[in-house]
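Notes for the one structure printed next.
Just so you know, ligand 1 is whichever comes first in the structure, and atom 1 is the first atom listed for that ligand.
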Amino acid sequence: MRTRFAPSPTGPLHLGHAYSALLASDMARKAGGTFLLRIEDIDRSRARPEWEAQIFDDLHWLGLDWPEPVLRQSDRLPAYRAALETLWARGLLYPCTCRRRDILEAASAPQEGTEPPVGPDGIVYPGSCRGKARPTAMPDEPLRLDMHKALRETDVVSFREDGAGPDGETGLQVIHRDQMIDGIGDIVLVRRDMGTSYHLAVVLDDAAQDITHVIRGQDLFEATAIHVLLQMLLGLPTPRYHHHRLIRDEAGKRLAKRDDARAISKYRAEGDTPADIRARVGLN
Ligand code: GLU
């Protein structure tokens with residue numbers, strides 16, 4: 001068993017991160033497997049070395065260990081590029097210059113008064129740029145996956161859920177063609193100024209690190225169908241997934257990076273031990 005914790009160094013780790021990292025590490029240890037760390041720093045405008053240093057420090061303090069060197073997404077741009085080139089050559093990607101506002105307008109227009117469908121990445125893209133002429137060489141622009149074409153190349157999308165989705169989904173998950181097209185649509189695989197996207201990077205990195213069990217928060221359950229589709233398109237193995245409950249504050253709101261009040265470093269400064277943190281997130 002190989003598990004991983006994949007934080008973005010864009011703020012302090014909070015109790016939700018502690019839960020995710022401890023769970024992934026505990027599961028690997030119990031199975032005699034390996035727990036890996038990956039730094040998801042593709043968003044260069046928000047990633048900071050100080051946050052990365054704090055991540056290492058907090059995780060070591062919690063008692064976690066992982067093989068070095070740690071995989072950093074910022075070192076992986078050539079691998080992302082190579083995968084994109086193969087998808088481009090198969091005609092599965094197209095450039096999209098739409099801004100958020102354009103998408104909202106185009107998506108709202110046909111059904112005045114009704115809410116446009118929302119998928120894992122927000123409003124399902126109405127396809128405005130899909131029919132435009134594609135250059136032969138892959139352009140240095142935001143790129144979307146053509147979901148109709150992608151589904152011509154694969155069978156049904158399915159994965160094994162060992163934990164549970166937000167509505168208690170567990171066991172074999174089968175996502176049908178219509179759900180992929182209507183509920184997810186043409187997702188962005190290359191973001192502006194990033195050269196990649198979370199979805200593409202996470203899929204390639206989980207494969208490069210031979211991750212067998214992806215353990216992460218329920219907020220990413222819906223995105224898993226995208227990840228499995230990309231694995232199929234790129235000929236990569238599909239790991240097992242274990243989505244876990246989210247740690248919430250007293251008001252029931254899930255913790256965010258800006259919740260400094262729940263930062264691990266704050267509890268440390270106030271005298272918590274690693275065992276106290278485990279107790280706070282319901283692990284022993
Ligand atoms: N980097 C993501 C985050 O900070 C986690 C990605 C994943 O576990 O797939 O939420």
Give yes or no for whether the N/O distance cutoff of 3.5 Å, strictly under, is met between Arg216 and ligand 1. yes
Considering both backbone and side-chain atoms of Ala6, is one of its nitrogen or oxygen atoms within less than 3.5 Å of a nitrogen or oxygen in ligand 1? yes
Check ion pair Asp57-Arg268 (N to O, under 4.0 angstrom): yes
In this structure, does ligand 1 have an atom that sits under 4.0 Å from one of the heavy atoms of Arg4? yes
In this structure, does ligand 1 have an atom that sits under 4.0 Å from one of the heavy atoms of Phe5? no
Anything under 30° is parallel, anything over 60° is perpendicular, the rest tilted; go ahead and classify Tyr241 against His243. parallel
Classify the ring geometry of His227 against His199: parallel below 30°, tilted from 30° to 60°, perpendicular beyond 60°. tilted
His244: partners by ring pair (Phe, Tyr, Trp, His ring centres under 6.0 Å), with sequence neighbours left out: Tyr19
Can you tell me if Asp205 and Gln209 form a side-chain donor-acceptor pair at under 3.5 Å? no
For Glu40, the ligand 1 atoms with a heavy-atom partner under 4.0 Å come out as 1 (N), 2 (C), 5 (C), 6 (C)
Could you tell me, atom by atom, which parts of ligand 1 come under 4.0 Å of a heavy atom of Tyr198? 6 (C), 7 (C), 9 (O)
Which one holds for Leu220 and ligand 1: side chain close, backbone close, both close, or neither close, with close meaning a heavy atom under 4.0 Å? side chain
Acceptor/donor pairs from residues 24-33 side chains to any protein atom, 3.5 angstrom cut, sequence neighbours excluded:
{"from": "Asp26", "atom 1": "OD1", "to": "Arg278", "atom 2": "NH2", "distance (Å)": "2.9"}
{"from": "Asp26", "atom 1": "OD2", "to": "Arg278", "atom 2": "NH1", "distance (Å)": "3.0"}

